Peer 1: 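Take this structure, written in structure tokens, and hold onto it; I'll ask about it next.
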Amino acid sequence: MKFNDSPEQATWRTEVRDFLKTADAPQMPDDGGFEELPDMKDWRQKLAKRGWIAAAWPKEYGGAGLSVTDQFIMNEEFAESRAVQMGGAGVGFLGPTLITYGNEDQKKEHLSRILAGETQWCQGYSEPGSGSDLASLQTRAIRDGDDFVINGQKIWTSGAHNSDWMFMLARTDPDAPKHRGITYLLLDMKTPGITVRPLINMANRHGFNEVFFEDVRVPAKNVVGEVNRGWYIGATTLDFERSSIGNSVGQRQILERYLEYVRAKNLMSPKVRTEFVDRWVEAGVAKLLSYQVISIQASGRVPNHEASIAKLFNSELGQRIARTAMTAFGMSGALTDPAKAPLSGRAAMTYMGSVASTIAGGTSEVQRNIVATRGLGLPRA
Ligand SMILES: Cc1cc2nc3c(=O)[nH]c(=O)nc-3n(C[C@H](O)[C@H](O)[C@H](O)COP(=O)(O)OP(=O)(O)OC[C@H]3O[C@@H](n4cnc5c(N)ncnc54)[C@H](O)[C@@H]3O)c2cc1C
């Protein structure tokens with residue numbers, strides 16, 4: 001791993017940095033992006049012009065065709081200036097999956113609309129009782145003529161209330177071994193028979209939902225890949241999800257903001273100082289773990305337990321940073337009223353929002369299992 005940019009990488013970094021200096025970019029919210037962002041049509045257009053909405057996609061599909069390292073540099077610079085990167089599940093997970101496994105009709109129908117921001121996507125994987133053990137999912141899709149008919153329920157579906165389409169996993173062969181009877185489907189959220197019910201989290205935010213399916217008809221042409229082989233396509237989508245590790249820079253910035261506030265308000269004590277030093281060192285470690293994943297990807301290999309280590313460390317660090325802020329701010333840190341709370345209530349919102357980060361995208365326990373079995377070669381419990 002080389003830590004310094006090559007001359008070409010340095011030029012690319014400067015190009016991104018210079019653009020961000022003058023681009024009037026909307027800023028990322030502090031609580032990890034779980035809150036709703038305002039409409040950003042202008043910003044989307046500015047980025048789209050440069051192919052920067054899906055910079056990792058090949059140029060022929062409207063991306064910038066960036067290498068893994070150049071994309072990481074771009075992510076770092078965006079995070080450093082706290083600029084919002086457009087994306088979401090369509091750009092980050094579904095698009096790359098369709099580029100790999102979709103047929104030409106599916107690519108034509110969906111990729112350009114994702115890039116134009118015309119369609120928002122949500123991920124219909126988890127069900128009550130099927131989260132970590134996703135392959136046990138029970139939502140059924142039964143073939144009927146040219147359609148599949150879907151019945152069942154998804155849960156924790158982020159953004160389903162704002163989404164036009166869902167990529168989902170459904171069971172098409174209940175008699176096959178559990179990984180073998182699952183199909184990957186694309187579903188228009190306006191199809192009759194779909195009910196979306198909000199789930200409000202403890203920070204009083206509406207981010208995820210329950211989604212119910214009652215005799216929902218999906219054309220068979222919306223199957224991605226082969227019927228009953230969807231598990232492997234779904235797993236590819238998850239790889240794209242878990243290797244999005246851009247937030248290690250974001251962590252350090254949140255820490256910096258807290259530090260500024262603590263200094264300005266004279267809240268520093270020996271305990272608080274020690275905590276900030278620990279978090280600062282840990283943020284450096286998080287960055288190095290991200291570099292490790294990137295250098296594996298850049299050499300053409302697929303990060304496995306290394307991505308789990310980075311995900312695990314980053315999400316738990318986010319929680320520790322949030323706790324450090326609460327320790328430093330004292331009783332007032334718990335306030336959420338922007339008029340009265342330190343940093344307009346961001347610390348309390350981040351504290352509550354950070355709880356979800358060790359569950360979303362695979363729990364910490366599951367990541368530790370991966371590190372134990374695939375990384376350390378320990379036997380399964
Ligand atoms: C903010 C947020 C957004 C989400 N967005 C989406 C989304 O858009 N789409 C979607 O499909 N899902 C989404 N999810 C769901 C998420 O993927 C699941 O919550 C996660 O996979 C865990 O599954 P579960 O909730 O069913 O918990 P379970 O799997 O039931 O786990 C319960 C507890 O048991 C532990 N556990 C389970 N299995 C093992 C094991 N083998 N070894 C040790 N411990 C174990 C877990 O670590 C956890 O502590 C989201 C979740 C969150 C929090």
Side-chain angles (χ1 to χ4, degrees), residues 29 31-36 87-94 97 120-139 150 152-171 178 182 184-187 189 194 196-213 230-231 233-242 244 247 305 307-308 311-312 314-316 318-319 322 349-376 378-381:
D31 65 355
F34 287 119
E35 74 182 33
E36 304 241 332
V91 171
F93 318 149
L94 193 261
T97 307
Q120 298 298 323
W121 286 77
C122 60
Q123 181 181 42
Y125 281 17
S126 306
E127 297 179 6
S130 300
S132 304
D133 180 18
L134 186 60
S136 68
L137 59 89
Q138 295 298 325
T139 293
I150 301 182
Q153 185 198 341
K154 297 290 172 183
I155 195 168
W156 314 123
T157 322
S158 299
H161 53 304
N162 294 323
S163 294
D164 311 287
W165 283 79
M166 170 187 278
F167 53 94
M168 71 177 301
L169 296 175
R171 188 159 299 285
K178 63 180 183 179
I182 292 173
Y184 193 106
L185 291 149
L186 309 177
L187 175 66
M189 292 294 280
I194 300 176
V196 177
R197 282 198 206 144
L199 291 169
I200 307 299
N201 72 10
M202 69 172 162
N204 210 20
R205 293 256 163 80
H206 177 195
F208 41 41
N209 305 272
E210 294 178 290
V211 184
F212 298 87
F213 306 88
W231 174 256
I233 300 172
T236 305
T237 308
L238 278 183
D239 283 344
F240 288 121
E241 183 174 354
R242 286 182 187 152
S244 48
N247 69 350
H305 62 275
S308 289
K311 196 271 170 185
L312 175 67
N314 249 312
S315 52
E316 295 192 351
Q319 293 176 345
M349 296 307 280
T350 307
Y351 180 71
M352 289 188 280
S354 70
V355 174
S357 63
T358 48
I359 303 171
T363 68
S364 281
E365 289 78 11
V366 168
Q367 308 308 320
R368 286 193 164 86
N369 283 347
I370 294 171
V371 175
T373 51
R374 296 187 210 159
L376 299 172
L378 298 175
R380 283 183 181 279

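Any value given below was found using the heavy atoms of this structure, including those in side chains, with hydrogens, waters and symmetry copies removed. Nothing here was measured: the structure is a model prediction, and the numbers come from that model. Atoms within a ligand are numbered from 1 in the order they appear, just like the ligands themselves.
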Peer 1: What closest approach, in Å, do Phe167 and Ala89 show between heavy atoms, and which atom pair accounts for it?
Peer 2: CE2-CB, 4.0 Å
Peer 1: Rounded at 0.5 Å granularity, tell me how far CZ in Arg368 sits from OG in Ser308.
Peer 2: 11.0 Å
Peer 1: Just distances here: any N/O of Thr157 and N/O of ligand 1 closer than 3.5 Å?
Peer 2: no
Peer 1: Heavy-atom contacts with Tyr125 under 4.0 Å: which atoms of ligand 1 show up? List them by number with element.
Peer 2: 11 (O)
Peer 1: Considering only heavy atoms, does Asn369 approach ligand 1 within less than 4.0 Å through its side chain, its backbone, both, or neither?
Peer 2: side chain
Peer 1: Looking at non-hydrogen atoms alone, which of Ser126, Gly362, Ser130 comes nearest to atom 16 (C) of ligand 1?
Peer 2: Ser126
Peer 1: Which distance, rounded to the nearest 0.5 Å, do you find between the CG of Leu134 and the NZ of Lys178?
Peer 2: 9.5 Å
Peer 1: Could you tell me if Thr237 and Gln123 have a donor-acceptor pair between their side chains, going purely by distance under 3.5 Å?
Peer 2: no
Peer 1: Look at atom 27 (O) of ligand 1 and find which of Ala360, Ser136, Ser132 reaches it with the closest heavy atom.
Peer 2: Ser132
Peer 1: With heavy-atom distances below 4.5 Å as the criterion, would you say the side chains of Asn201 and Val355 are in contact?
Peer 2: no
Peer 1: Is a donor from one side chain sitting under 3.5 angstrom from an acceptor on the other, for Gln153 and Glu210?
Peer 2: yes
Peer 1: Name the option, out of Arg380, Lys154, Gln123, Glu365, that contains the heavy atom nearest to atom 47 (O) of ligand 1.
Peer 2: Glu365
Peer 1: Show the atoms of ligand 1 that are less than 4.0 angstrom away from any heavy atom in Ala356.
Peer 2: 1 (C), 53 (C)
Peer 1: Closest by any non-hydrogen atom to atom 13 (C) of ligand 1: pick that one out of Trp156, Trp121, Phe93.
Peer 2: Trp156
Peer 1: Is any N or O atom of Asp133, backbone or side chain, closer than 3.5 Å to an N or O atom of ligand 1?
Peer 2: no
Peer 1: Heavy-atom contacts with Thr363 under 4.0 Å: which atoms of ligand 1 show up? List them by number with element.
Peer 2: 22 (C), 46 (C), 47 (O)
Peer 1: Answer yes if the side chains of Thr236 and Thr97 hold a donor-acceptor pair under 3.5 Å, and no otherwise.
Peer 2: no
